[in-house]
Amino acid sequence: MILLTGGAGFIGSHLADKLVEMGERVRIIDNLSSGKLEYVNKNAEFIKGDLRNPKDVREALRGVEEVWHIAANPEVRLGEKDPKTIYENNLLATYILLEEMRKAGIERIIFTSTSTVYGEAEVIPTPEDYKTIPISIYGATKLGCEALISSYCHTFDMQAWIYRFANVIGKRSTHGVIYDFIQKLKKNPNELEILGDGNQTKSYIYISDCVEGIIYGLKADEQLNIFNLGNEDWISVKRIAEIVCEELGVSPKFKFTGGKRGWKGDVPLMLLSIEKIKKLGWKPKYSSEEAVRMATRDLIEESVL
Ligand code: NAD
C-alpha cells in the first residue's frame with residue numbers, strides 16, 4: 001500500500017491516477033485546503049486528515065510500505081503575508097510525517113520539491129549540484145524538507161527520491177500564472193494586470209510529462225536520489241499572457257506592475273538542467289509553449305464546466 005499525501009490536489013491527483021492505473025493500492029490523505037474531493041481517484045482510499053496532526057498521520061500510515069509526499073502549501077506569494085502557514089504545512093508537516101514513518105518502520109519516500117530551492121541561480125540551466133540559497137519562504141521550507149529527508153535517510157536507513165520541479169501546469173491546477181490570468185480576464189476582459197515587467201522567463205512542464213518523469217526517476221537506486229524535472233526551454237510571462245488571451249479570444253490592454261519580479265521571492269529567470277533524468281531515458285514530450293497552450297485550454301474548459 002502506498003500513502004499519497006495531497007492526493008486531492010493538482011499534481012497529487014494525477015499521480016494517484018497513474019499509480020492506480022499501474023495496479024498499486026493507494027491511500028490518500030488530504031485536508032482539502034486547496035484540493036478537491038472530486039479530484040480524488042475513485043479506486044483509492046481517502047482519509048480527510050491533516051499532516052500537522054501526528055494522530056492523523058499515524059492512522060494513515062497503517063499497513064503502508066511507501067510514502068509519496070506531495071502535500072504542501074505551494075503558494076510562493078503567501079510567504080510575504082504568512083510565513084507560519086507555509087512553515088507548518090511544508091516543514092513541520094514533513095517532520096511529523098518522517099517521524100511517524102520512522103516509528104512505523106516505513107523506509108521509502110518520494111518527495112516533490114521545487115526549482116525555488118536554488119534561489120536566483122547564476123548558472124542556467126541549473127544542475128542539481130548547484131548551490132541552494134532560496135530567496136522565498138516557500139523555497140526555504142522545501143529545502144528544509146529535503147534536508148530533513150536526507151538526514152532521515154542516513155540516520156534511519158531510509159531511501160528517498162526528491163524531484164525539483166519547474167512550473168508544472170495542466171488540468172486541475174488551482175494556482176499559478178495561467179490560472180490567475182484566466183480569473184482576471186473573466187472579471188475584466190478589457191485589461192490584464194501582469195505582475196512585474198512581464199520579462200520573467202521560466203520553464204514550464206505539462207502534467208503528463210511530469211508524472212512520467214517521476215516514474216522514470218524511480219529507476220535510480222541510490223539511498224538519496226535527487227532530480228530536476230522541467231523543460232529544455234522556457235517562456236516569458238508576457239508570452240503566456242498573449243497565449244491566454246488568444247485562447248480566450250480577448251484583446252485586453254496589458255498593465256504591468258513593473259520591476260523584474262512579480263512578487264517578493266519571485267525568481268525572474270528559471271531553467272533547470274534535466275540532463276540527469278534524461279540519462280534514465282525520459283524527456284518531455286511538450287515544449288514550454290506547447291504546455292502553456294494545452295494547460296490554458298484545460299483550465300478554460302474546466303472554468304466553464
Ligand atoms: P496543490 O495545492 O494543488 O496540492 C497540494 C495538496 O496538499 C492539496 O490537495 C491540499 O489540500 C493538500 N494539503 C496541503 N496542506 C496539507 C496538510 N497540512 N495536510 C493534508 N493535506 C494538505 O499544489 P500542487 O501544485 O499540486 O503541488 C503539489 C506539490 O508539488 C507540492 O509539494 C508543491 O510544493 C510541489 N511543486 C509544485 C509545483 C507546481 O508548479 N505546481 C512546482 C514545484 C513544486
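Counting starts at 1 for both ligands and their atoms, following the listed order.
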Participant: At a heavy-atom distance under 4.0 Å, which protein residues reach ligand 1? Sort them by chain and number, would you?
Facilitator: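 Only Gly6, Ala8, Gly9, Phe10, Ile11, Asp30, Asn31, Leu32, Ser33, Ser34, Gly35, Gly49, Asp50, Leu51, Arg52, Ile70, Ala71, Ala72, Pro74, Asn89, Thr112, Ser113, Thr114, Tyr138, Lys142, Phe165, Ala166, Asn167, Val168, His175 have heavy atoms that fall under 4.0 Å of ligand 1, ordered by chain and number.
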Participant: Does Glu120 pair with Lys260 as a salt bridge, N-O distance under 4.0 Å?
Facilitator: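 Answer for the salt bridge query: yes.
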Participant: Using every non-hydrogen atom in the two residues, find where Val76 and Trp263 come nearest and quote the distance to one decimal.
Facilitator: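 Closest pair (atom of Val76, atom of Trp263, distance): CG1-NE1, 3.7 Å.
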Participant: Run the salt-bridge test on Lys278 and Glu232 with the 4.0 Å N-O cut-off and return the result as yes or no.
Facilitator: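 Here Lys278 pairs with Glu232 in a salt bridge, since their nearest N and O are under 4.0 Å apart.
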Participant: Do Lys276 and Asp129 sit within salt-bridge range, that is, some charged N less than 4.0 Å from a carboxylate O?
Facilitator: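 Between Asp129 and Lys276 there is no salt bridge, as every charged N stays at least 4.0 Å from the carboxylate O atoms.
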Participant: Locate the shortest heavy-atom distance separating Leu148 from Ser151; write the atom from each residue and the value.
Facilitator: O-OG, 2.8 Å
Participant: Under the rule for side-chain contact (heavy atoms from CB on, under 4.5 Å), what residues qualify as partners of Pro54, not counting sequence neighbours?
Facilitator: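 Result, side-chain contact (heavy atoms from CB on, under 4.5 Å) vs Pro54: Arg58, Ile96, Glu100.
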